Visitor: 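I'd like to ask some things about the structure below.
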2 protein chains.
Amino acid sequence: MKQKCYTYFMKQGEKTKQHILEQSNVLFYINGYSSTSFTDIMEATGLSKGNITYHFKNKQAILEGIIAQRLREAECFFKIWEEKSQNPKERLAFFCDMILSEQENIEAYGCPMGTLTAEFSKNEPTLYTITLPLFQSYRAWLAKQFSLLGANNADADTQAMSLLGRVQGVAMVAHSFKDRYFLVNEIEKIKEELTK
Amino acid sequence: MKQKCYTYFMKQGEKTKQHILEQSNVLFYINGYSSTSFTDIMEATGLSKGNITYHFKNKQAILEGIIAQRLREAECFFKIWEEKSQNPKERLAFFCDMILSEQENIEAYGCPMGTLTAEFSKNEPTLYTITLPLFQSYRAWLAKQFSLLGANNADADTQAMSLLGRVQGVAMVAHSFKDRYFLVNEIEKIKEELTK
DNA sequence: GTCTATAAGAAGATAGAC
DNA sequence: GTCTATCTTCTTATAGAC
């Protein structure tokens with residue numbers, strides 16, 4: 001197990017738990033949730049099945065842990081963006097920049113949030129319920145920025161949905177056609193439209 | 001087995017084959033490809049596993065049959081739209097109308113083409129190769145319309161990708177948030193932008 | 001062309017030793 | 001906390017009767 005700097009003060013059990021979450025998060029992103037088996041997680045973590053089961057009852061519990069962590073990360077992003085600028089337009093630009101910084105991964109594996117949500121939207125109501133809050137937190141934050149720009153609540157939400165949709169579409173098409181160039185150009189265009 | 005009018009002149013073997021394709025197509029759409037088992041197809045068709053295997057070597061062969069059929073259907077749409085109007089803008093509006101007519105299904109199960117493509121884009125290179133041509137055929141047809149509107153080849157293709165992206169994004173978000181109202185409004189907006 | 005039956009593998013879940 | 005071993009279920013693949 002590689003030692004991470006922020007795990008120095010964790011108890012052994014917490015370290016292992018964190019290690020499982022991190023490796024699973026990567027596997028779920030790269031291969032998808034349902035395509036990732038317990039054996040895959042065993043191999044990636046170097047731990048036994050029994051040990052993983054000790055920390056997480058089942059695969060769903062791992063997913064829950066991952067989403068909880070991603071939600072905290074998202075809140076962290078929002079906080080940073082809000083502190084970096086008082087101007088909502090600039091904050092929306094930061095959101096676009098995050099996508100641009102992930103261009104390689106998005107080309108290869110799609111949007112980390114979108115592909116996971118899409119995997120559960122059809123016929124996995126339980127997993128869908130676990131994942132949706134992450135999507136909703138972005139929706140709410142984006143809507144907040146549009147509110148600050150003067151839109152009423154309903155309009156702000158629609159604009160947030162619309163932006164989410166555009167970004168998801170660009171990510172989906174760039175992923176399907178393996179075209180990073182398209183992703184960058186479209187996101188730059190969206191960024192311009194938002195900030196003008 | 002329900003008798004379909006266009007199967008009257010088919011041999012029994014062809015009828016069965018067609019029946020398997022149709023039922024599997026619905027299952028793959030509603031539940032996804034990997035979530036659909038042979039048992040599901042058995043139940044939906046009312047046929048035995050041995051019989052299905054007789055007509056299609058495996059699940060992948062069924063998928064190939066479905067994509068081939070969907071490609072023919074797409075070509076059929078293109079032909080109709082081109083015959084209905086000489087104006088590329090109107091043709092693009094027909095494309096949008098098709099999406100609007102599928103609003104209920106898209107809200108419930110996502111875009112039939114997009115969700116299938118997305119399922120294979122991550123780590124299913126073989127199935128990805130089978131599905132992509134369908135996506136490409138829409139890309140090519142849309143690009144053709146933008147060409148007719150005066151764009152050079154590169155621009156026309158980019159505009160086609162851009163439109164595909166917007167539509168996929170709207171479908172994805174409408175599906176994730178189960179919001180048909182959003183889908184209709186966004187597609188209407190896109191339609192207006194295209195035809196103005 | 002259609003069926004039943006079975007084999008062989010992979011997955012997740014569980015039990016118990018250290 | 002961590003491991004090995006087993007159990008059950010699900011899924012695909014195959015063999016052979018009618």
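Everything numeric in this text was worked out from a predicted model, so none of it was measured. So that the names make sense, note that chain A is the first sequence line, chain B the second, and so on, each numbered from 1.
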Visitor: Side-chain N or O of A:Y54 versus OP1/OP2 of D:dG1: is the shortest distance under 4.0 Å?
Guide: yes

Visitor: What's the CE-P distance between B:M42 and D:dA13, to the nearest Å?
Guide: 15 Å

Visitor: Any salt bridge linking A:E75 with A:R72? Criterion: basic side-chain nitrogen under 4.0 Å from a carboxylate oxygen.
Guide: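 So A:E75 does not pair with A:R72 through a salt bridge.
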
Visitor: Should the heavy atoms of other residues, nucleotides or ligands under 6.0 Å from CD of A:E192 be counted, would the total exceed 12?
Guide: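 Incorrect, the count does not exceed 12.
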
Visitor: Rounded to whole angstroms, how far apart are NZ on A:K15 and P on D:dT2?
Guide: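 For the pair A:K15 NZ and D:dT2 P, the rounded distance is 11 Å.
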
Visitor: I need the CD1-P distance between B:I41 and D:dT11, as an integer number of Å.
Guide: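 So the two atoms are 11 Å apart, to the nearest Å.
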
Visitor: Output the rounded distance in Å from CD1 (B:I52) to C1' (D:dT14).
Guide: 15 Å

Visitor: For B:Q145, is there any backbone N or O sitting under 3.5 Å from a side-chain donor or acceptor partner on B:K89?
Guide: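 Pair absent, no side-chain N/O of B:K89 close to backbone of B:Q145.
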
Visitor: Salt bridge between B:E186 and B:K189, side-chain N to carboxylate O under 4.0 Å?
Guide: yes

Visitor: How does protein contact run along nucleotides 11-18 of chain C, one letter per nucleotide 5' to 3', with B for base contact, S for sugar-phosphate only, - for none, heavy atoms under 4.0 Å?
Guide: SBBB----

Visitor: Just to be sure I understand the geometry, which residues of residues 60-69 of chain A put a non-hydrogen atom under 4.0 Å away from DNA chain C?
Guide: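 Per residue number, the list is empty: none.
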
Visitor: Could you check whether B:E82 pairs with B:K144 (Lys NZ or Arg NE/NH1/NH2 to Asp/Glu carboxylate O, under 4.0 Å)?
Guide: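 Yes, B:E82 and B:K144 are salt-bridged.
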
Visitor: Checking ring pair (Phe, Tyr, Trp, His ring centres under 6.0 Å) between A:W141 and each of A:F146, A:F94, A:F77, A:W81, which is the one that passes?
Guide: A:W81

Visitor: State whether A:F56 and A:K17 meet the cation-pi test: NZ (Lys) or CZ (Arg) under 6.0 Å from the six-membered ring centroid, and within 45° of the perpendicular axis.
Guide: yes

Visitor: Report yes or no: is the cationic atom of A:K178 (NZ for Lys, CZ for Arg) under 6.0 Å from the centre of the six-membered ring of B:Y128, at an angle within 45° of the ring normal?
Guide: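 A:K178 over B:Y128 ring: yes.
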
Visitor: Quick one: is A:N51 getting a side-chain N or O under 4.0 Å of the D:dC3 phosphate, OP1 or OP2?
Guide: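 Yes, within the criterion.
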
